[in-house]
2 protein chains.
Amino acid sequence: MKYQEAKDKFILAWGSLGSSWGISRTMAQIHALLLISTTPLSTEDIMEELQISRGNANQNIRALMDWGLVEKQLKTGERKEYFVAGKDVWELAKQVAKERKKRELEPILKVLNQVQGVNGNTKEVKEFKEVTKNISDFAEQAESTLNLFINSKQNWLYKILSKIRS
Amino acid sequence: MKYQEAKDKFILAWGSLGSSWGISRTMAQIHALLLISTTPLSTEDIMEELQISRGNANQNIRALMDWGLVEKQLKTGERKEYFVAGKDVWELAKQVAKERKKRELEPILKVLNQVQGVNGNTKEVKEFKEVTKNISDFAEQAESTLNLFINSKQNWLYKILSKIRS
DNA sequence: CATAAGTTTCAATTATTATTGAAACTTTGT
DNA sequence: ACAAAGTTTCAATAATAATTGAAACTTATG
C-alpha cells in the first residue's frame, strides 16, 4: 500500500471514530494528521492537507488544545504557530477519559443525586429511587475506576490484567 | 422534589448523556422512561409521555431492541406490543460496551491492520508505522479487556478494584 | 375474505451541528 | 505609529441528523 493511501485511510478512520466519541470529525482528523506527522504543522499546513478553511482549522486546533491533546510549539525566529500531538497512546487515552468524565459523568452524577430527593411512597417513586440509586452507585464506581486510570503513572491495564488473571 | 419533576429531570439527563454515547437523544429518553416504569409500556404510552410521533417512537424502540437494551413483551389476549428495559445496570453497561465494541473498535482495528501494510523507508513511513502500531496494540488491549468485562458473569469492577488495591 | 387494530416505512420537513470566509483583532518588526 | 504577518471571531451557509405523518403493510378475528 502507498503511503498516501494509508495516510488517508487512517485519517478518515480516525475521523469517523472521533464522531462516535464526542470529538468532531474534523477535530479528530487534525489530531490524526498531527499524530503521524514527523514535524510540527502550522495552521496552513493543516488547512492544505485536509482541505478545510482557516476558521475551521483554527477552532478545531483550539478545541484539541482544550482537550489537552495538542500543544502549540513556537519556532524561534518565526511568528507562525506550529502544533504537535503527544504520541503516547496511553496519555491520549487518559486525557480523553479525563475530559469525558468531566463533561459527561459528573453532570449525570449531579442529577442522579438531586433526584434521589424525590418524595412519595407510591410504587412508582420506590422504583424510581431504586433504579436511580443503582445507576448512581454504578456511576460512582466508574468514576473511581476512571480516576485510578487517569492518575496512574504507568500502564494500568497491564497491571490489572495480570492481577485479574492470576 | 415532586415525582414528576424528578422523572423529567432524569429523562432529560439520560437523553443528553445518550447523545454523547452514540445513542440518540430520543432513544435514550425512551430507555430512561422504560427504566423507571413499573409496568411494560406500549408504543402509545411512550408517544404520549415523551410527546413524540409514532414513527419516531417505533424506530427508536426498534433501535433499542437492536442494542439489546429493550425487549418486547406480549400480553396474553392483547394485540398491542409492550416494551420493558432490563433494570440491571451491569447488564446495561455490558450491552452498551458490546455494541460499541462491534460498531467502533472493530472497524478501526481493521483499518489499523490494513495500513500496517504500507511500504517505503522514509521517516514519514517509519513514524506512521510506529504510531499506528502503538494505537493498534492499545486497541487490542482495550478489546481484550472489554471482552473480559462483557463475558464476566459477576461484578467485574469490584473484583478488579479489590485486587488492584491490595 | 373483509375489516379492524396495530406496526413499519419513508419522502418531506425541521432541528442541529459543522464549516466557510471575510472582517476584526493582535503581535511583531521597522 | 504604521505595515505586515498571523490569529480569532462570528454571522451566514451548508451538511447532517432527527422527526413527522400519512400511506403501505401485517396480522388476528368475526
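So you know, we letter chains A, B, ... as the sequences are listed, proteins then strands, and number each from 1. What's counted below: heavy atoms across the whole structure, side chains too, no hydrogens, waters or symmetry copies.
- Applying the 4.0 Å criterion to OP1 and OP2 of C/dT20, one finds that A/Asn56 has a side-chain N or O inside that range.
- Taking atom CE of residue B/Met27 and atom C1' of nucleotide D/dT19, one finds them 16 Å apart after rounding to whole Å.
- For C/dT8, one of the phosphate oxygens OP1 or OP2 lies less than 4.0 angstrom from a side-chain nitrogen or oxygen of B/Asn58.
- At whole-Å resolution of the value, CD1 in A/Ile61 and C1' in C/dT19 are 14 Å apart.
- Comparing B/Ser53 and A/Arg25 by the nucleotide of DNA chain D whose heavy atom lies nearest to each, the residue mapping closer to the 5' end is A/Arg25.
- Note: CG (A/Asp45) to P (D/dT7) measures 11 Å, nearest angstrom.
- D/dT7 atom C1' lies 11 Å from atom CD of A/Glu44, rounded to whole Å.
- A donor N or O paired with an acceptor N or O is found under 3.5 Å between the base of D/dT27 and the side-chain atoms of B/Arg79.
- Rounded to a whole Å, the CD1 atom of A/Ile52 is 9 Å from the C1' atom of C/dT19.
- Spacing between atom CD of A/Gln73 and atom C1' of D/dT7 amounts to 18 Å, rounded to whole angstrom units.
- Using a cutoff of 4.0 Å between basic side-chain nitrogens and carboxylate oxygens, A/Arg103 and A/Glu99 are scored as salt-bridged.
- Candidate nucleotides C/dT9, D/dA18, C/dG6 were compared by shortest atom distance to the side chain of B/Ser24, and D/dA18 ranks first.
- In this structure, A/Thr26 reaches the C/dT19 phosphate: one of its side-chain N or O atoms is under 4.0 Å from OP1 or OP2.
- Distance CD (B/Gln51) to C1' (D/dG21): 15 Å, rounded to an integer number of Å.
- Side chains of B/Asn147 and B/Ser144: a donor-acceptor N/O pair is absent below 3.5 angstrom, by distance only.
- Between B/Glu106 and B/Lys102 no salt bridge is recorded (no basic side-chain N to carboxylate O distance below 4.0 Å).
- The residue A/Arg54 sits close to a base: some heavy atom pair falls under 4.0 Å.
- Between A/Asp137 and A/Lys133 there is a salt bridge, with a side-chain nitrogen of the basic residue lying less than 4.0 Å from a carboxylate oxygen of the acidic one.
- Straight-line distance from the CE atom of B/Met47 to the P atom of C/dG6: 12 Å, rounded to whole Å.
- A salt bridge does not link A/Glu81 with A/Lys75: every distance from a Lys NZ or Arg NE/NH1/NH2 to an Asp or Glu carboxylate oxygen is 4.0 Å or more.
- Within the 4.0 angstrom heavy-atom criterion, only backbone atoms of the sugar-phosphate kind lie near A/Glu81; the bases stay farther away.
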